[in-house]
Amino acid sequence: MITKRKNLLANQRHCKEQLAPTTRGSNLFYVASIGATIQRLLCHSLVRFVMLCSFALVGFIQLATAQLMAKKETFTHADTLRGSLNPNRDWWDVLRYDITVKPDFEKKTIEGKTTIIYKSNRGLSEKKNRKQYYDAILGIGDSLTMQIDLQSSISNQFIIDSVILIDSFYESRLHDNRINNKGMISKKLKAFQFENICLIKIPSDHTVNDKDSITIYYHGKPKEAIRPPWDGGWIWRKDAKGNPWMSVACQGLGASAWYPCKDYQGDEPDNGATLTMIVPDTLVAVANGRLVKSETLNVKLGEGSSQSQISNLKSYSWQVKNPINNYLIIPSIGKYVNFTDTLMGEKGKLDLSYWVLDYNLEKAKEQFKQAKLMLRAFEYWFGPYPFYEDSYKLVESPHLGMEHQSATAYGNKFGNGYLGRDLSGSGWGLKWDYIIIHESGHEWFANNITTNDIADMWVHEGFTDYSETLFTEYYYGIEAGTDYNYGQRKGIQNDHPIIGPYGVNKEGSGDMYPKGANLIHTVRHAINNDSLFRQILRGLNKDFYHKTVTSTQVENYISKKAGINFQKTFDQYLRTTLIPQLNYVIDTAKATVTANWTNCIDDFDMPITIVPTDKHVKVSTKTQTIKLTNNELVWFNKKNIERLYYIKTQQLASKP
């Protein structure tokens with residue numbers, strides 16, 4: 001907090017310095033000119049008074065402008081490289097990642113390789129005419145440049161050892177002596193590291209839809225997470241018995257904190273990924289998807305020797321068949337034991353697998369029974385679990401939890417609530433395990449439906465936060481769900497908008513959780529048709545199945561399917577911090593309500609539904625009078641309305 005205050009004051013000083021030349025050249029010159037005239041007509045004391053007033057006015061304008069400008073965040077070139085598409089990113093799509101990593105627990109270092117299979121989006125002629133990013137730096141002329149992300153700093157340095165291209169086979173290349181016995185061409189590529197990226201020279205002899213691959217060999221010391229999952233990095237811990245326990249948390253920070261990749265949320269590997277972990281044979285390594293291979297490794301007895309012996313290392317290879325986002329591919333390494341179950345779900349048999357530290361097995365067998373309850377509820381609300389091919393897993397983690405696809409990280413100490421607390425204060429949050437419910441809810445919103453830009457992350461967190469309300473409602477009734485949702489409002493800060501700035505890898509306000517959930521609850525009651533609302537939730541997961549989207553796409557989808565234009569509603573709650581206020585006057589003699597919206601954007605027009613009769617009341621920023629029945633008038637009060645809608649209400653004595 002002290003650091004933020006220092007930054008704010010520094011920004012204000014900077015803004016004043018920027019404004020000063022303009023002020024001196026206009027306002028003060030004007031004051032001086034008028035002062036000269038007044039000086040000839042009035043006494044010097046009056047001149048000083050006028051000038052002091054003018055200076056005060058100028059200072060006020062400067063301060064007000066500086067304060068407004070101080071709210072704007074400054075982003076760097078590195079932020080843009082990370083958060084947006086550029087000519088070195090948009091010419092190719094990731095099809096698959098094959099990752100191998102070998103951690104050294106004592107040194108807190110890793111070495112590994114990443115193979116990226118990719119598809120070219122453009123043909124040779126178009127690429128040759130396209131100005132390439134940093135051509136001058138690399139001196140590569142018409143060659144293609146590929147941006148690979150790998151975060152490196154003085155304290156957490158990664159070194160790329162080599163980059164190998166495995167190029168597609170073409171008949172015209174049969175004479176090339178670099179062709180290997182699999183009909184592929186292998187070539188070592190030039191690479192240049194800077195600003196958390198690596199620029200790689202790629203031969204430009206591609207055509208549209210060419211499929212090629214590069215393998216990047218690297219080693220180094222990844223950033224260590226101190227307070228995971230709130231700060232990202234590699235996690236080096238010991239369990240309660242003193243055994244090594246390793247994992248990664250990198251949402252926001254990015255997967256490039258530990259392996260080279262195209263660290264852009266809008267490009268998922270269409271054909272999934274594999275993660276191979278090489279670890280001491282006393283430990284077990286778990287990752288996303290299904291275990292496809294585990295083996296004890298052999299080492300050669302000496303250079304040039306054909307003999308080998310068994311080492312103390314073991315490799316575990318896990319495979320995901322479905323698209324998966326970079327930050328969701330995570331290793332979990334420790335003294336794990338496993339137990340399994342199955343669920344007959346909407347798409348048939350779903351395999352359930354649970355991995356926990358050996359001494360927590362019995363507690364996990366009891367607590368993880370809630371996973372089936374969660375899956376039943378969420379398949380009802382959202383549709384089939386999106387990753388039947390990859391199974392569903394809970395994996396005990398050395399941090400609170402994270403939505404790692406098909407391998408949800410769990411660290412809630414095998415108890416209900418959020419580390420034993422109810423975040424809503426309603427009491428309902430102690431009926432279930434927050435991490436099992438919330439993080440698994442992300443399988444639908446974040447893992448199935450993923451936003452292109454982290455600025456739109458409310459789509460992940462708002463819908464998933466609302467999944468807690470829907471889970472509560474499914475098992476305890478609609479009033480219990482509403483109690484829970486209403487209680488979440490105490491966590492809303494309205495500090496800045498939910499949607500963040502685009503193209504710089506920056507999310508919006510943390511209000512994306514409770515305010516996002518309350519926005520969805522508000523829209524649900526404005527629609528006033530729970531059957532239709534459920535169809536919309538299921539439709540989102542069907543029509544955007546395994547896709548990346550924008551907030552605008554989701555907003556438009558809801559409006560279209562609901563038959564109500566909610567654009568002003570979304571703009572109000574996602575892009576401002578204002579809480580709309582419903583002002584109303586009740587005239588019992590005439591059986592009318594006169595109402596309008598204030599503290600809102602222009603033309604805000606969200607409807608209100610009167611529950612007893614399901615009557616839609618259309619309210620706008622213009623005052624209007626609505627005829628109601630006696631029962632409807634009785635219902636129309638602050639308590640009933642604010643319970644269903646995240647708004648403020650004000651009953652007035654006379655027309656607003």
Side-chain angles (χ1 to χ4, degrees), residues 73 83 229-230 251-252 264-266 325 327-328 378 381-382 402-403 423-424 437-470 484-485 488-527 533 536-537 539-541 543-544 547-559 561-562 566-580 600-601 604 606 645-647:
E73 194 165 356
W230 295 279
Q251 184 182 26
Y264 174 67
Q265 197 161 277
N325 215 272
Y327 78 90
L328 300 173
F378 289 170
W381 284 112
F382 302 144
M402 187 62 70
E403 66 267 22
L423 296 182
S424 76
I437 306 309
H438 178 93
E439 300 303 342
S440 298
H442 277 304
E443 295 283 31
W444 286 264
F445 291 96
N447 303 353
N448 184 36
I449 303 173
T450 309
T451 59
N452 288 320
D453 196 306
I454 199 173
D456 287 335
M457 202 166 79
W458 84 272
V459 175
H460 298 191
E461 300 301 348
F463 281 93
T464 301
D465 229 45
Y466 195 61
S467 74
E468 301 160 25
T469 292
L470 295 175
Y484 183 84
N485 180 265
Q488 287 180 304
R489 295 182 192 177
K490 66 181 183 179
I492 300 174
Q493 301 296 315
N494 282 311
D495 49 358
H496 53 275
I498 288 176
I499 290 182
Y502 290 103
V504 288
N505 193 49
K506 177 67 176 178
E507 71 276 10
S509 169
D511 282 349
M512 70 179 77
Y513 292 80
K515 188 176 179 181
N518 271 272
L519 164 60
I520 297 165
H521 195 65
T522 296
V523 168
R524 172 186 181 180
H525 287 283
I527 294 172
F533 176 70
I536 291 172
L537 295 177
L540 283 166
N541 280 281
D543 294 341
F544 296 123
K547 292 182 180 179
T548 61
V549 301
T550 65
S551 176
T552 299
Q553 285 179 282
V554 172
E555 296 165 37
N556 292 342
Y557 184 94
I558 294 172
S559 290
K561 296 299 182 180
F566 283 113
Q567 189 56 61
K568 295 293 182 180
T569 302
F570 287 121
D571 286 344
Q572 176 76 32
Y573 287 95
L574 297 176
R575 299 173 177 92
T576 82
T577 59
L578 302 174
I579 306 173
C600 58
I601 62 175
F604 182 69
M606 187 176 71
Y645 300 85
Y646 178 51
I647 62 174

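Values below: all heavy atoms of this structure, side chains included; hydrogens, waters and symmetry mates excluded. The residues of the chain are indexed from 1 along the displayed sequence.
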For the side chain of [X] and the backbone of [Y], is there at least one donor-acceptor N/O pair under 3.5 Å apart?
X	Y	value
Asn447	Glu403	yes
Thr464	Glu461	no
Ser559	Phe566	yes
Tyr646	Thr522	no
Asp511	Ile498	no

I need the minimum non-hydrogen distance between [X] and [Y], along with the two atoms involved.
X	Y	value
Trp444	Asn448	O-CB, 3.2 Å
Pro497	Leu574	CB-O, 3.6 Å
Phe604	Lys568	CD1-O, 3.7 Å
Thr576	Lys515	O-NZ, 3.3 Å
Gln572	Ile601	OE1-N, 2.9 Å
Asp495	Ser509	OD1-OG, 2.6 Å

From Trp458, Trp381, Phe463, residue fulfilling ring-ring contact (aromatic ring centres under 6.0 Å, His included) relative to Phe445: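 Among Trp458, Trp381, Phe463, the one that satisfies the ring-ring contact (aromatic ring centres under 6.0 Å, His included) with Phe445 is Phe463.
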Yes or no on side chain to side chain contact (heavy atoms under 4.5 Å, CB included) for Leu537 and Leu470, after CA distance, side-chain angles and deciding distance? CA-CA 11 Å; Leu537 295 177; Leu470 295 175; 3.8 Å; yes
Using the ring of each side chain (for Trp, its six-membered ring), is Phe378 parallel, tilted or perpendicular to Phe382, with breaks at 30° and 60°?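 Geometry flag for Phe382 against Phe378: tilted rings.
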Could you tell me if the side chain of [Y] sits less than 4.5 Å from the side chain of [X], heavy atoms only?
X	Y	answer
His521	Gln488	no
Lys490	Leu423	no
Gln265	Asp453	no
Leu519	Thr569	yes
Tyr502	Asp456	yes
Tyr466	Thr469	yes
Met457	Gln251	yes
His460	Thr450	yes

If I take atom [atom1] from residue [X] and atom [atom2] from residue [Y], how far apart are they, to the nearest 0.5 angstrom?
X	Y	atom1	atom2	result
Ile499	Met512	CD1	CE	10.0 Å
Glu468	Ile437	CD	CD1	9.0 Å
Arg524	Ile536	CZ	CD1	11.5 Å
Glu443	Leu328	CD	CG	8.5 Å

So, Thr548 and Asn452: side-chain donor and acceptor under 3.5 Å apart, yes or no?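 Looking only at side-chain atoms, Asn452 and Thr548 do form a donor-acceptor pair, the distance falling under 3.5 Å.
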